[in-house]
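Take a look at the structure below.
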Amino acid sequence: MGMTSVRMPDDLLQRLDSMATRLRRSKGWIINDAVREYLEREDLRQRRDEETREALAELDAGQVVDGEEVLAWIDSWGSDKELEPPR
């Protein structure tokens, strides 16, 4: 396992110390948890951004489906006359 050091303001370090005591966890455990959550959140944000850009490119290219066709298809689900998905 790798190791790194972090400089932080005294007030933040004091809060970290207090939280570690309250949780009965090490400061390292709290920092690892916080960094993990931050990275997961940023990965999700980046994926959403990429998906949005892809969707906008599809829209610009005219790759759209009429909303009324989609609603009619959904309404037909489970019926004897179920429609094919719109293209």
Side-chain angles (χ1 to χ4, degrees):
M1 181 180 293
M3 185 172 189
T4 190
S5 61
V6 178
R7 293 185 192 273
M8 63 179 67
D10 290 338
D11 63 318
L12 190 57
L13 184 56
Q14 289 171 354
R15 291 177 60 197
L16 178 60
D17 284 332
S18 294
M19 184 64 67
T21 300
R22 272 196 309 264
L23 296 177
R24 296 182 184 167
R25 296 285 188 169
S26 68
K27 292 184 285 186
W29 185 92
I30 294 172
I31 292 168
N32 278 316
D33 190 56
V35 170
R36 185 176 296 107
E37 283 187 27
Y38 173 81
L39 293 174
E40 288 172 1
R41 188 174 59 244
E42 285 303 304
D43 284 344
L44 177 61
R45 187 197 59 77
Q46 187 175 20
R47 278 195 311 275
R48 286 181 178 163
D49 185 56
E50 289 170 7
E51 290 171 357
T52 299
R53 291 177 192 277
E54 289 171 5
L56 289 172
E58 290 172 0
L59 182 64
D60 288 343
Q63 298 173 342
V64 295
V65 177
D66 182 80
E68 294 299 322
E69 291 179 36
V70 172
L71 292 175
W73 171 58
I74 292 171
D75 286 341
S76 76
W77 289 357
S79 72
D80 292 338
K81 296 181 181 181
E82 190 168 314
L83 301 173
E84 291 292 318
R87 304 209 184 281

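Positions are given from 1, in the same order as the sequence printed here. In what follows, every heavy atom counts, from backbone to side chain, and hydrogens, waters and symmetry copies are set aside.
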Establish whether Leu12 and Trp29 are linked, either directly or via other cluster members, by ILVMFWY side-chain heavy-atom contacts under 4.5 Å. yes

Do Glu40 and Asp43 come within less than 4.5 Å of each other through their side chains, counting heavy atoms only? no

For Glu50, is the CD atom crowded, meaning more than 12 foreign heavy atoms sit under 6.0 Å from it? yes

Heavy-atom nearest pair, Glu82 first then Gly78, reads OE1-N, 3.0 Å

Under 3.5 Å, which donor-acceptor pairs do the side chains of residues 31-39 form with other protein atoms, sequence neighbours left out?
| unit_1 | atom_1 | unit_2 | atom_2 | d |
| --- | --- | --- | --- | --- |
| Asn32 | ND2 | Gly28 | O | 3.1 |

Sorted by chain and residue number, the ring-ring contact (aromatic ring centres under 6.0 Å, His included) partners of Trp73 (sequence neighbours excluded) come out as Trp77

Distance col, row Leu13:CG vs Met8:CE, nearest 0.5 angstrom, shows 6.0 Å

Taking C-beta and beyond as the side chain, do Arg45 and Glu42 meet within less than 4.5 Å on heavy atoms? yes

Would you say Val65 ends up clustered with Leu56 if hydrophobic residues are merged whenever their side chains have heavy atoms under 4.5 Å apart, either directly or through other cluster members? no

Of all heavy-atom pairs between Ser26 and Ala20, which one has the smallest distance, and what is that distance? C-CB, 4.2 Å

Among the clusters formed by ILVMFWY side chains lying less than 4.5 Å apart, do Val64 and Val70 turn up in the same one? no

I'd like to know if Asp49 pairs up with Arg53 as an ion pair, taking the criterion as any Lys NZ or Arg NE/NH1/NH2 lying under 4.0 Å from an Asp or Glu carboxylate oxygen. yes

Mind checking whether Leu71 and Leu83 sit in one hydrophobic cluster, side chains of I, L, V, M, F, W, Y counted as touching below 4.5 Å? no

So with a 6.0 Å cut-off around CD of Glu68, is the heavy-atom count from everything else above 12? no

